[in-house]
Undergrad: 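Okay, handing you the structure first.
Everything quoted here is computed from the prediction, not taken from an experiment. In the text below, chain A, chain B and the rest are named by the order of the sequence lines, each starting its count at 1.
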Number of protein chains: 2
Amino acid sequence: MANMKYSRQRESIKEYLAHTREHPTADMVYINIREKYPNISLGTVYRNLNLLVEQGEIIKLSPGNGSDRFDGNSMPHYHFLCTECSCIQDLDIAPGVLDHINLIAGAGFDGEIRGHSTFFYGKCAKCKSRN
Amino acid sequence: MANMKYSRQRESIKEYLAHTREHPTADMVYINIREKYPNISLGTVYRNLNLLVEQGEIIKLSPGNGSDRFDGNSMPHYHFLCTECSCIQDLDIAPGVLDHINLIAGAGFDGEIRGHSTFFYGKCAKCKSRN
DNA sequence: ATAGTATTAATAATAATTACTATTATTTGA
DNA sequence: TCAAATAATAGTAATTATTATTAATACTAT
């Protein structure tokens, strides 16, 4: 998309996502950006989130429970979803593992595998210790 | 859930999912079951799908594009989502790989990993050959 | 500065799913 | 076998999440 103009709102959204580890929903982004741009509209947030996803600057996550979530870290990596508190966390996985898994999966498959996205689930550290 | 009564509608939904490879949406299930029970309501379909998921009889998939989809095969396995035609297919992966991946992921993680769900994406065989 | 056009705020509209309620179906056990 | 108890249903309304519309505004290149 060559004919794209700068917008403070979009920049602010990108910046916010780059500095949080929260994997926020569109609504959470909206609430946050409103502190700086009090009359930004939710539609603008959605449109820019989708634009940024299209451009590969951020990643959209669909954990399956409520709303979609967004991650400012666009490097392929894995996520963990706590089945108790619904928090989402990044997982560190050794580089190479992802490609390895793509290969394993592609072995018996006659289509073309480009990548994969994985959600691990279970109890996060806090919920585990709280018992 | 001990106090659960039999219902022909629920049985029919379960049976349909057990015999299709389509990974249908709630609406597709609704349309199909209506052939046998013409005045089943969409709410009934949703309620029973959720019940069956809770009981572990079926699996709910959230591919991230449109609606959720349902899979009558409740054994853990992987799915492939075609980014062109949006079809969903089961992938055959050697047993043991899934547990292996859970272990790798759990290594540097201080919570408790119970399982994971993975979507591979790319082009299905048809879309690949159609070029 | 100005013209051209992407972006915005505000709102309306759509899509997907859940909640509500009076009626019906299933189960239990006398 | 029947009737009481209650889960499930059909039909509909409501909610939630997201996308579309549009007139006004902001960005960019000349």
Undergrad: Taking atom P of dA8(D) as reference, at what distance in whole Å does atom CG of Leu49(B) sit?
TA: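 Roughly 15 Å, once rounded to whole Å.
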Undergrad: Mark up nucleotides 25-30 of chain D, 5' to 3', with B wherever a protein heavy atom is under 4.0 angstrom from a base atom, S wherever such an atom reaches only the sugar-phosphate, and - elsewhere.
TA: -SBS--
Undergrad: Taking DNA chain D as the partner, which of residues 32-48 of chain B come within under 4.0 angstrom of it by heavy atom?
TA: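 Nucleic-acid contacts, sorted: Asn39(B), Ile40(B), Ser41(B), Thr44(B), Arg47(B), Asn48(B).
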Undergrad: Are OP1 or OP2 of dT6(D) and a side-chain N or O of Asn3(B) less than 4.0 angstrom apart?
TA: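 No, outside the criterion.
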Undergrad: Is the Lys NZ or Arg CZ of Arg8(A) less than 6.0 Å from the centre of Tyr6(A)'s six-membered ring, within 45° of the axis?
TA: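 Pair Arg8(A)/Tyr6(A) does not count as cation-pi.
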Undergrad: Mind telling me whether His79(B) and His23(B) have parallel, tilted or perpendicular rings, with 30° and 60° as the class edges?
TA: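 His23(B) vs His79(B) ring planes: perpendicular.
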Undergrad: If only atom types and distance count, is the side chain of Thr20(B) paired as donor or acceptor with the main-chain N or O of Leu17(B) below 3.5 Å?
TA: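 Between the backbone of Leu17(B) and the side chain of Thr20(B) there is no qualifying donor-acceptor contact (under 3.5 Å).
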Undergrad: Are any of the side-chain heavy atoms of Ile33(A) and Gln9(A) separated by less than 4.5 Å?
TA: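 A side-chain contact is absent here, since even the closest heavy-atom pair is not under 4.5 Å.
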Undergrad: For the side chain of Asn48(A) and the backbone of Thr44(A), is there at least one donor-acceptor N/O pair under 3.5 Å apart?
TA: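 Yes, the answer is positive, given that a donor and an acceptor are paired below the 3.5 Å cut-off.
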Undergrad: Using whole Å, report how far CZ of Arg10(B) lies from P of dA7(D).
TA: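 Value for this atom pair: 12 Å.
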Undergrad: Have a look at Asp27(B) and say if it touches a base, only the backbone sugar-phosphate, or nothing, with a 4.0 Å heavy-atom cut-off.
TA: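 Answer is nothing: Asp27(B) stays at 4.0 Å or more from every strand.
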Undergrad: Using a 6.0 Å distance limit plus a 45 degree cone around the ring axis, check whether Arg34(B) lies over the aromatic ring of Tyr37(B).
TA: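 Judged by the rule, Arg34(B) and Tyr37(B) form no cation-pi pair.
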Undergrad: Check this for me: does any side-chain nitrogen of one of Glu84(A) and Lys123(A) sit under 4.0 Å from a carboxylate oxygen of the other?
TA: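 Lys123(A) and Glu84(A): salt-bridged.
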Undergrad: For the aromatic rings, using the six-membered ring if either is Trp, is the centroid distance between Tyr121(B) and Phe80(B) under 6.0 Å?
TA: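 Distance test on ring centres: not under 6.0 Å, no.
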Undergrad: Lys14(B) NZ to dA8(D) P: how many Å, rounded?
TA: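 Roughly 13 Å, once rounded to whole Å.
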Undergrad: Distance check needed: dA6(C) P versus Leu52(A) CG, whole Å only.
TA: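 Value for this atom pair: 18 Å.
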Undergrad: Whole-Å distance between dA17(D) C1' and Phe70(A) CZ?
TA: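 One finds 11 Å between C1' of dA17(D) and CZ of Phe70(A), rounded.
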Undergrad: To the nearest Å, give me how far apart CD1 (Ile13(A)) and C1' (dT8(C)) are.
TA: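 So the CD1-C1' distance, Ile13(A) to dT8(C), works out to 11 Å.
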Undergrad: Between Glu54(A) (CD) and dT19(D) (P), how many Å, whole number?
TA: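 Answer to the nearest Å: 11 Å.
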